[in-house]
Amino acid sequence: PALDPSKKGAGVTLSNANQTAVFTAAQQTVLGITGITTGKYYFEVTFVSGTSSGNAAVGLVPSNEPLTGSQIGYNDGVTGSIGCFQSSGNVYKDGSSSSVGSANNFSTAGNYLCVAVDAAARLVWFKSGTNAWNGNVNANPATGVGGISISGSGTIYPAIGTDKVSNWLANFGATNFNQTVPTDRKS
């Protein structure tokens, strides 16, 4: 698994076997190459360097996610999109501007966001670093507790989006993860 060179805005350059995304233009998004339809998965995205943004998000989206001009889950108008935002940790979905949950921010270079998803149950958990899943000490992807629902029923793809010049590293299991993978997850 990696980021998809055919599913990215023109202002995104991929390198490092399509694991690193460099954003150089106004609001751009890149999707993962592998869609998720069933099973339980885990991945991490690290904010490597650059300018953090209140418009940057990491999340999951269907294949019709706009690659330019909108923010994941916030104003993209796409049912099934969900994103955790870099500066606030707020989670938005389905193109609504109302927060449906939160994690902690990941706005300092070197910070990373952990994402656990149960595609069959259509649930997702976000956490930055060692903080609590979805900002709740009782939330736990290994037990299915405290997940945020993902709308729709189709294939979803990992996604990164921002409007600032910045570098991001997606880890779908090509290297060791920063955190312990929840029980029964695939990368």
Side-chain angles (χ1 to χ4, degrees), residues 1-9 12 14 16-21 28-47 56-67 70-74 76-86 89 91-96 100-103 106 112-128 133-134 139-162 168-187:
L3 298 171
D4 191 339
S6 69
K7 293 181 185 165
K8 66 177 187 62
V12 181
L14 300 179
N16 184 29
N18 295 332
Q19 304 294 313
T20 299
Q28 303 283 308
T29 299
V30 60
L31 277 56
I33 201 164
T34 304
I36 301 167
T37 55
T38 61
K40 298 177 180 181
Y41 293 87
Y42 175 85
F43 64 94
E44 295 175 353
V45 176
T46 301
F47 173 56
V58 172
L60 298 158
V61 300
S63 63
N64 64 331
E65 178 71 15
L67 301 178
S70 64
Q71 301 156 18
I72 299 168
Y74 183 81
D76 55 6
V78 177
T79 299
S81 65
I82 188 163
C84 182
F85 278 70
Q86 183 181 29
V91 177
Y92 297 93
K93 71 178 196 174
D94 300 334
S96 81
V100 296
S102 66
F106 48 104
Y112 57 91
L113 186 72
C114 307
V115 182
V117 59
D118 181 335
R122 303 293 288 187
L123 295 172
V124 64
W125 293 260
F126 298 103
K127 75 173 184 167
S128 64
W133 288 106
N134 293 338
N140 184 346
T143 60
V145 173
I148 299 171
S149 66
I150 303 168
S151 301
S153 60
T155 303
I156 48 178
Y157 296 83
I160 306 167
T162 187
W168 299 77
L169 175 65
N171 185 359
F172 300 107
T175 60
N176 291 332
F177 289 115
N178 292 298
Q179 293 293 307
T180 302
V181 177
T183 310
D184 74 3
R185 300 287 148 165
K186 301 177 203 172
S187 52

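- Across T79 and G152, no two heavy atoms sit closer than the pair CG2-N, 4.4 Å.
- The shortest side-chain heavy-atom distance between L113 and C84 falls under the 4.5 Å cut-off.
- The two atoms that bring A159 and V61 nearest to each other are CB-CG2, 3.8 Å, heavy atoms only.
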Given the rule in the side chain to side chain contact (heavy atoms under 4.5 Å, CB included) test, do L169 and N16 qualify, once you have shown the distances and angles that lead to the verdict?
-> CA-CA 9 Å; L169 175 65; N16 184 29; 3.6 Å; yes
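- T155 approaches G35 most closely through the heavy-atom pair CG2-CA, 3.5 Å.
- Looking at W125, its side chain does come within 3.5 Å of a backbone N or O of V145 through a donor-acceptor pair.
- Here the shortest heavy-atom pairing between S149 and I82 reads O-CD1, 3.9 Å.
- Ring planes of F106 and W168: perpendicular class, angle over 60° (limits at 30 and 60°).
- Between the side chain of E44 and the backbone N or O of N178, at least one donor-acceptor pair lies under 3.5 Å.
- Two residues are said to be in side-chain contact when any heavy atoms from C-beta on lie closer than 4.5 Å; F172 and T34 fail this criterion.
- For the pair K40 (side chain) and P141 (backbone), a donor-acceptor distance under 3.5 Å is absent.
- A donor-acceptor pair under 3.5 Å links the side-chain atoms of N171 to the main chain of G173, judged by distance alone.
- Between the side chain of N134 and the backbone N or O of G146, at least one donor-acceptor pair lies under 3.5 Å.
- Side-chain contact check for V117 versus L60: some heavy-atom pair is nearer than 4.5 Å.
- Between Q71 and Y92 the shortest side-chain heavy-atom distance does not fall below 4.5 Å.
- Atom OH of residue Y41 and atom CG of residue D118 lie 10.5 Å apart, to the nearest 0.5 angstrom.
- With hydrogens and angles ignored, the 3.5 Å screen pairs no side-chain donor or acceptor of Q86 with any backbone N or O of V58.
- With values rounded to the nearest 0.5 angstrom, I160 atom CD1 is found 12.0 Å from F47 atom CZ.
- Within the 4.5 Å cutoff, side-chain heavy atoms of T29 are placed close to those of I72.
- Note that OG of S153 and CD1 of I150 are 12.0 Å apart. Values are rounded to the nearest 0.5 Å.
- Judged purely by distance below 3.5 Å, without hydrogens or angles, the side chains of K7 and S63 never pair a donor atom with an acceptor atom.
- L14 contributes atom CG, which lies 8.5 Å from atom CG of D4 (distance to the nearest 0.5 angstrom).
- Side-chain contact between L3 and K8 is absent, with no heavy atoms from C-beta onward closer than 4.5 Å.
- Q19 approaches P1 most closely through the heavy-atom pair NE2-O, 3.1 Å.
- For D76 (side chain) and P66 (main-chain N/O), no donor-acceptor pair under 3.5 Å exists by modelled atom type.
- In this structure, a donor-acceptor pair under 3.5 Å is present between the side chains of Q179 and Y112.
- The backbone N or O of G80 lies less than 3.5 Å from a partner atom in the side chain of D94, making a donor-acceptor pair.
- Taking every heavy atom of both residues into account, P182 and A142 meet most closely at CB-N, 4.3 Å.
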